[in-house]
Amino acid sequence: MLTNPSLSWQKLHDVYYSIRTCYDSLNWSIENLFSNYRVALSTYTTLIALASRQAQYPNVIDVYSISGNKLWSVIFNSTPQEHIVDFTFYNEDLLVVLSSGKYRLYTDFQGTFNEFSYKEGLLSLSGQEDEASKKYVITNLENDETEEAFDVIEAQVWGNCLVLRHKNRITLSNLETYQNFDLSLNQFDLMLVNCIALLSARELIIEFLLSYSNTIYIVKLDLTLQTASFDDQKLTDGPFSRISVSHNGSLISIFNEKSSKIFVVRKLFDKVLLEYDTSNESSTPYMIEWAGNDAIILSLRDEIKLIGPDQISISFFYDIVDQEDFDLDQLLRESPESDLSFTIPIIKSEPDGLRIITSNKVEFLTRVPQSSIDIHLVGSTHPSLILLDCVSKLREQSLKADTNISLLKSEKSLREAMSGCLDAVLHEFDPQWQKTILKAVSFGKIYDNDYFNAEEYLRVVNIIKVLDQIRSAEFGLFLTYEVVTIVGWETVIRMLLTRQEHLLALKIIGLVQLPDLTNLVYSHWCCSKIRKELNLSDYELFKIVAKKLISLEKFTPGDMKRNHISVLDISNVAYQEGRVDLCKLLINLEPSMLAKMKEYLMIEETELALVKTFQAGDLDLCRLLLLHLQNTLPKLQLFKLLSQNEQSGLFKDTSARQLLKDEEIKVILQDNLFISGDLIGNFWVQNIAKYNASLVDSYYKNESKSLERNLAKVKKFLKENDVSDNSNYEEIFQVHKQKLHGLLNNLKYTKLIQRELAILELKKKLSEMYQTTFFGVKSLTDILVKLIKMHQIKTAAKIVKDQKLPQEKLWHLVLEVYSKMGEFERLHKFITTNSSGSKLKSPIGMTVIAQTCINYGAPKAYISVYIGAISDSTYPRVVDLFLQIGEFKLAAEEAFNNKDADMLRGILKRARGSNEDTISVIKSYISRI
């Protein structure tokens with residue numbers, strides 16, 4: 001028989017609070033946690049870091065899951081010059097602050113860390129103060145010289161900043177950009193600074209509270225503008241030794257230890273909402289935290305006290321000793337200084353409650369959500385409770401279950417009951433209650449005539465499965481549904497990956513239907529494999545990683561296998577591990593050519609970057625890379641790079657070539673395009689260096705290319721002697737002809753020069769015929785384009801015939817030029833005039849004509865005719881073209897003629913919103929099939 005959870009609730013005013021057990025025993029042998037250890041908790045209390053209080057500076061920091069499983073340890077060999085002064089968490093990454101002015105950020109549970117300085121490159125946030133006044137100096141006993149001191153008093157993480165309080169300053173280190181900021185406190189009497197607490201952190205704006213003397217300052221930092229402002233709240237009831245801010249930042253609790261009073265005030269310090277005297281408590285509060293946003297919690301000796309408005313409180317007690325060992329006389333004889341064993345709970349505020357940790361258990365205190373009150377509170381008449389009652393009635397084979405359902409249906413509250421149950425089950429920790437509540441929803445679904453959303457029910461069931469599994473003591477991720485909603489499932493997956501739980505992560509991704517996170521899991525697995533497999537060669541590891549990545553993709557026979565997952569993180573890990581060959585091979589798998597190029601340049605593989613960029617065929621990227629190389633490399637190094645002829649630097653040694661014996665790997669790595677130095681060099685000349693004649697001349701000279709060098713000089717001359725429409729065509733013709741004849745004495749140039757002379761003759765003839773210069777036109781193609789724009793198609797066709805050019809060239813040029821000009825009537829006339837018979841024909845096919853006309857917005861009437869004349873494409877392509885111009889009837893007719901019912905249904909879906917006649921025609925086609 002399940003115990004009603006409401007029996008353990010406690011009421012404060014009109015609000016119910018419950019304290020529930022997360023773990024009733026912990027897998028460690030730790031006693032007096034608060035007294036014997038320095039403790040740091042991760043952001044959402046999934047990890048706990050412990051260091052002994054016995055040593056002033058800890059040498060060992062043990063990191064446990066919240067269930068007590070030891071995950072790893074930081075062992076630091078302390079010296080007088082460098083030792084650990086404090087530690088905290090940035091999400092789940094352990095931050096260790098050192099006395100040497102550095103901090104270490106540990107990114108996994110294997111001891112991987114990055115080390116940064118918190119005192120170098122400090123940007124001042126203190127306005128116009130004299131720089132000398134900021135310095136707090138000490139004498140170095142080793143060299144007897146004075147130096148600036150950075151004694152760390154405490155470390156906290158605010159947002160994405162590591163915040164360190166020193167004797168005379170506060171420093172902030174941005175944990176994303178690693179920029180350091182300095183806030184001087186020299187305007188204060190340093191002996192009267194009590195504590196600091198975060199108020200809010202959003203992007204690069206931070207507000208915090210500074211307790212000073214008897215008052216509190218609100219300090220606002222703008223890290224972008226590098227400014228700081230101090231706003232004195234002019235309080236008189238200090239000094240305040242502890243400050244705690246509610247999660248939404250609207251309420252603040254401040255504690256004066258001397259007067260034993262706690263004050264709860266609003267954010268603006270304009271009103272005291274609560275004044276509470278702690279002098280009558282069992283001890284001075286060890287910790288003060290918020291449970292959500294509406295109640296403060298005191299950690300006392302053997303007690304947790306929750307304080308609400310009007311000083312009303314409720315307590316949760318911890319036994320001093322077991323009942324059978326309790327001896328009152330012995331306790332009365334003990335002196336106050338005796339070593340009496342007692343429990344001091346460690347408390348940690350979370351968005352929806354409070355985590356309570358002792359040496360032997362972990363609990364969660366929270367405000368009971370309304371859906372749980374509706375379903376559990378004794379005396380409730382909510383539909384959810386009535387539906388839940390059906391489960392017990394069914395177990396007793398009572399007709400009362402049917403009566404309850406009938407009642408809910410008659411009041412039309414069955415849907416409300418099921419929704420309430422689903423919300424309540426998300427807040428439930430007990431697996432037995434989860435099953436019971438879900439059984440009630442399942443029972444209600446049978447009687448719901450409106451078909452309750454089965455997908456929502458399945459979503460909740462899967463979420464419960466996931467939460468129960470990660471909460472198990474094995475993993476120790478006791479997250480509430482509210483916290484998961486706040487942090488997102490990706491953060492949960494990353495937590496599991498840090499714990500090397502890749503299979504579980506994939507299972508969860510499937511349950512909560514987040515396929516986009518699959519790549520994250522595989523990428524992390526590959527990184528872990530590279531770090532772990534120290535005995536495998538670069539090439540063996542590459543085969544494992546490549547096949548793992550390719551296995552994610554589904555292929556049909558004949559498809560080229562390609563990786564579609566970014567490998568940048570994986571290749572960077574390989575580079576950091578000193579596996580340069582593996583790094584180069586992995587970069588070759590990167591799907592983004594821009595990222596691939598950047599990575600090759602980063603590891604100084606310029607030749608590979610150039611070859612791979614050209615193999616990708618992205619001309620814009622090729623231009624960008626060559627321009628970068630031209631601007632950054634010395635001239636001779638650039639020329640050497642342009643002339644290299646290696647297809648790839650990936651397979652220079654025998655071991656690497658062995659990879660190509662594996663057929664799967666060969667398919668992944670093979671490049672069908674051979675990139676020669678001539679190709680790269682010529683592309684550079686034509687696209688980048690053509691604006692720098694002296695650089696081109698140096699290149700040809702360096703490469704001993706005298707022919708190309710002379711031709712470049714001729715082209716330069718011709719360019720410098722271009723003429724306007726009013727020029728004497730005969731005169732300019734003779735000048736150009738004479739210059740070309742000067743090159744005919746070299747037999748190697750004869751054919752090339754004769755071709756240029758023939759084109760020159762044609763330019764002269766056309767210039768005289770049309771009374772407009774053609775001398776400025778560079779190539780035959782440009783001549784044809786100019787004639788088409790002048791609507792001289794017959795002349796263009798004759799030149800194509802005389803120069804023995806393919807007819808397809810003329811058709812492509814006419815199509816492109818007239819489409820760009822919007823001359824669709826002239827284009828149609830050209831097509832019909834040059835088509836034999838009644839049906840339109842074209843040497844380039846009708847598909848390209850139809851698509852080009854669609855792209856340039858030709859009239860539908862013309863496009864429909866072109867699509868109807870297509871004989872060079874499959875019918876799905878024809879259907880697609882009709883759909884692109886909104887001709888749903890014609891598309892449907894084509895699909896009907898090919899008996900494709902699936903295609904017709906797709907057309908019907910796209911045609912929704914069209915006129916009824918169109919819809920009716922499509923439906924009739926479907927019914928006839």
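Just so we're clear, the structure is a prediction, and the values are computed from it rather than from any experiment.
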**Q** Is Leu784 close to Leu805 at the side-chain level, that is, under 4.5 Å between some pair of heavy atoms?
**A**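 Yes, their side chains come closer than 4.5 Å.
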**Q** Work out which heavy atom in Leu497 is nearest to a heavy atom in His502; give both atom names and the distance.
**A**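 Taking every non-hydrogen atom into account, CD2-CD2, 3.5 Å.
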**Q** Could you please spell out the steps behind the side chain to side chain donor-acceptor pair (under 3.5 Å) verdict for Gln500 and Trp525?
**A** CA-CA 8 Å; Gln500 301 294 311; Trp525 183 90; over 6 Å; no
**Q** Please confirm whether the backbone N or O of Leu568 pairs with a side-chain atom of Ser571, one donor and one acceptor, at under 3.5 Å?
**A** yes
**Q** Answer yes or no: is there a side-chain heavy-atom contact under 4.5 Å between Asn572 and Cys527?
**A**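 No. Closest side-chain heavy atoms not under 4.5 Å.
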**Q** Apply side chain to side chain contact (heavy atoms under 4.5 Å, CB included) to the pair Cys161 and Leu175, showing each step before the final yes or no.
**A** CA-CA 6 Å; Cys161 285; Leu175 297 173; 5.9 Å; no
**Q** What distance separates Thr795 OG1 from Ile788 CD1, expressed to the nearest 0.5 Å?
**A**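 Spacing of OG1 (Thr795) from CD1 (Ile788) equals 11.0 Å.
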**Q** Is any NZ, NE, NH1 or NH2 atom of the basic residue among Lys786 and Asp782 found under 4.0 Å from an Asp or Glu carboxylate oxygen of the other?
**A**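 A salt bridge is absent here (no side-chain N lies under 4.0 Å from a carboxylate O).
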**Q** Which heavy atom of Leu586 sits nearest to which heavy atom of Val567, and what is that distance?
**A** O-CG2, 3.1 Å
**Q** Looking at every heavy atom in both Tyr539 and Asp581, which two are closest together, and how far apart are they?
**A** OH-OD2, 3.0 Å
**Q** Determine whether a donor-acceptor pair (N or O, by modelled atom type, separation under 3.5 Å) exists between the side chain of Tyr118 and the backbone of Leu98.
**A**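 Checked: pair present.
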**Q** Please step through side chain to side chain donor-acceptor pair (under 3.5 Å) for the pair Thr171 and Asp182, ending with a clear verdict.
**A** CA-CA 5 Å; Thr171 59; Asp182 178 36; over 6 Å; no
**Q** Lys809 vs Thr781, test: side chain to side chain donor-acceptor pair (under 3.5 Å). Steps then yes/no.
**A** CA-CA 9 Å; Lys809 186 176 185 68; Thr781 298; 3.0 Å; yes
**Q** Nearest 0.5 Å, please: how far is CG in Leu162 from CG in Asn174?
**A**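 Between Asn174 CG and Leu162 CG, I get 10.5 Å after rounding to 0.5 Å.
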**Q** Report yes if some heavy atom in the side chain of Gln884 is under 4.5 Å from a heavy atom in the side chain of Gln851; otherwise report no.
**A** yes
**Q** In this structure, are over 12 heavy atoms from other groups packed under 6.0 Å from Leu619 atom CG?
**A** yes
**Q** Would you check if the side chain of Asn631 reaches a backbone N or O of Leu627 as a donor-acceptor pair within less than 3.5 Å?
**A**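 Yes, Asn631 side chain to Leu627 backbone: donor-acceptor pair under 3.5 Å.
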**Q** Step by step, work out the side chain to side chain contact (heavy atoms under 4.5 Å, CB included) result for Phe542 and Asn588.
**A** CA-CA 11 Å; Phe542 175 73; Asn588 194 53; over 6 Å; no
**Q** Could you give the distance from CE (Met597) to CG (Asp618), rounded to the nearest 0.5 Å?
**A** 9.0 Å
**Q** Could you point out which residue of Leu827, Leu815, Ile844 forms a side-chain contact (heavy atoms from CB on, under 4.5 Å) with Thr852?
**A**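 By the side-chain contact (heavy atoms from CB on, under 4.5 Å) criterion, Thr852 pairs with just one of Leu827, Leu815, Ile844: Leu815.
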**Q** Per the salt bridge (charged side-chain N to carboxylate O under 4.0 Å, His left out) rule, what does the pair list look like for residues 519-532, sequence neighbours excluded?
**A**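 Pairs touching residues 519-532 that pass the test: Lys529-Glu533.
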**Q** Would Glu590 and Ser566 count as a side chain to side chain donor-acceptor pair (under 3.5 Å) if you check the C-alpha gap in whole Å, the side-chain angles of each, and the deciding distance to 0.1 Å?
**A** CA-CA 6 Å; Glu590 172 60 38; Ser566 176; 3.2 Å; yes
**Q** With a 4.5 Å cut-off on side-chain heavy atoms, are Leu780 and Leu762 touching?
**A**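 Of all side-chain heavy-atom pairs linking Leu780 with Leu762, at least one is under 4.5 Å.
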**Q** Between the side chain of Asn91 and the main-chain N/O of Asp93, is any donor-acceptor distance below 3.5 Å?
**A** no
**Q** Does some side-chain heavy atom of Lys612 sit less than 4.5 Å from a side-chain heavy atom of Tyr600?
**A** yes
**Q** What pairs with Ser100 under side-chain hydrogen bond (donor to acceptor under 3.5 Å, both in side chains), at least two apart in sequence or on another chain?
**A**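 Ser100: side-chain hydrogen bond (donor to acceptor under 3.5 Å, both in side chains) contacts with Glu82.
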**Q** Applying side chain to side chain contact (heavy atoms under 4.5 Å, CB included), run through Asn114 and Arg104 and close with a yes or a no.
**A** CA-CA 6 Å; Asn114 294 310; Arg104 290 183 175 182; over 6 Å; no
**Q** Of all the heavy-atom pairs spanning Leu541 and Ile530, show the shortest one and how long it is.
**A** CD1-CA, 4.2 Å
**Q** Check for a donor-acceptor pair, side chain of Asn180 on one end and backbone N or O of Glu120 on the other, with a separation under 3.5 Å.
**A**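 Confirmed, Asn180 side chain pairs with Glu120 backbone.
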**Q** Please name all residues satisfying ring pair (Phe, Tyr, Trp, His ring centres under 6.0 Å) with Tyr90, sequence neighbours left out, ordered by chain then number.
**A** none
**Q** Side chains of Tyr856 and Glu816: is there a donor and an acceptor less than 3.5 Å apart?
**A**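 Yes, a side-chain donor-acceptor pair sits under 3.5 Å.
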**Q** As a quick check of understanding, evaluate side chain to side chain contact (heavy atoms under 4.5 Å, CB included) for Lys640 and Leu636, giving each step before the final call.
**A** CA-CA 6 Å; Lys640 182 180 179 181; Leu636 291 179; over 6 Å; no
**Q** Would you say Val96 and Tyr106 make side-chain contact, with heavy atoms under 4.5 Å?
**A**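 Answer yes - side chains close enough.
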**Q** For Glu92, is there an ion pair with Arg499 - N to carboxylate O distance below 4.0 angstrom?
**A** yes
**Q** Is there a side-chain contact between Phe614 and Leu626 in this structure, where contact means two heavy atoms from C-beta onward sitting under 4.5 Å apart?
**A** yes
**Q** Measure across Asp108 and Thr498 and return the closest heavy-atom pair with its distance rounded to 0.1 Å.
**A**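 In this case the closest contact between Asp108 and Thr498 is CA-CG2, 4.1 Å.
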**Q** Will you find, in the side chains of Thr112 and Thr107, an N or O donor that is under 3.5 Å from an N or O acceptor?
**A**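 There is no such pair (donor and acceptor under 3.5 Å, judged by atom type) between the side chains of Thr112 and Thr107.
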**Q** For Asp516, enumerate each residue passing the salt bridge (Lys or Arg N to Asp or Glu O under 4.0 Å) test, keeping only those at least two apart in sequence or located in another chain.
**A** none
**Q** Please report the interatomic distance CG(Asp620) to CE(Met593), rounded to the nearest 0.5 Å.
**A**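 Going from CG on Asp620 over to CE on Met593, the span is 13.5 Å.
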**Q** Does Val521 reach the side chain of Ile509, with side-chain heavy atoms less than 4.5 Å apart?
**A** yes
**Q** Rounded to the nearest 0.5 Å, how far does CG of Leu122 lie from CD of Gln179?
**A** 8.5 Å
**Q** Please find the pair of heavy atoms, one from Tyr103 and one from Ser117, that lie closest to each other, and give the distance.
**A**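 Shortest heavy-atom separation between Tyr103 and Ser117 comes out as CE2-O, 3.9 Å.
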**Q** Calculate, to the nearest 0.5 Å, the distance between atoms CG and NZ belonging to Leu536 and Lys543 respectively.
**A**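 Reported value, rounded in 0.5 Å steps: 11.0 Å.
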**Q** Among all residues two or more places apart in sequence or in another chain, which pass the salt bridge (Lys or Arg N to Asp or Glu O under 4.0 Å) test with Asp538?
**A** Arg579
**Q** Kindly write out the residues that satisfy salt bridge (Lys or Arg N to Asp or Glu O under 4.0 Å) with Glu808, not counting sequence neighbours, or none if the list is empty.
**A**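 Listed in chain order: nothing, the list is empty.
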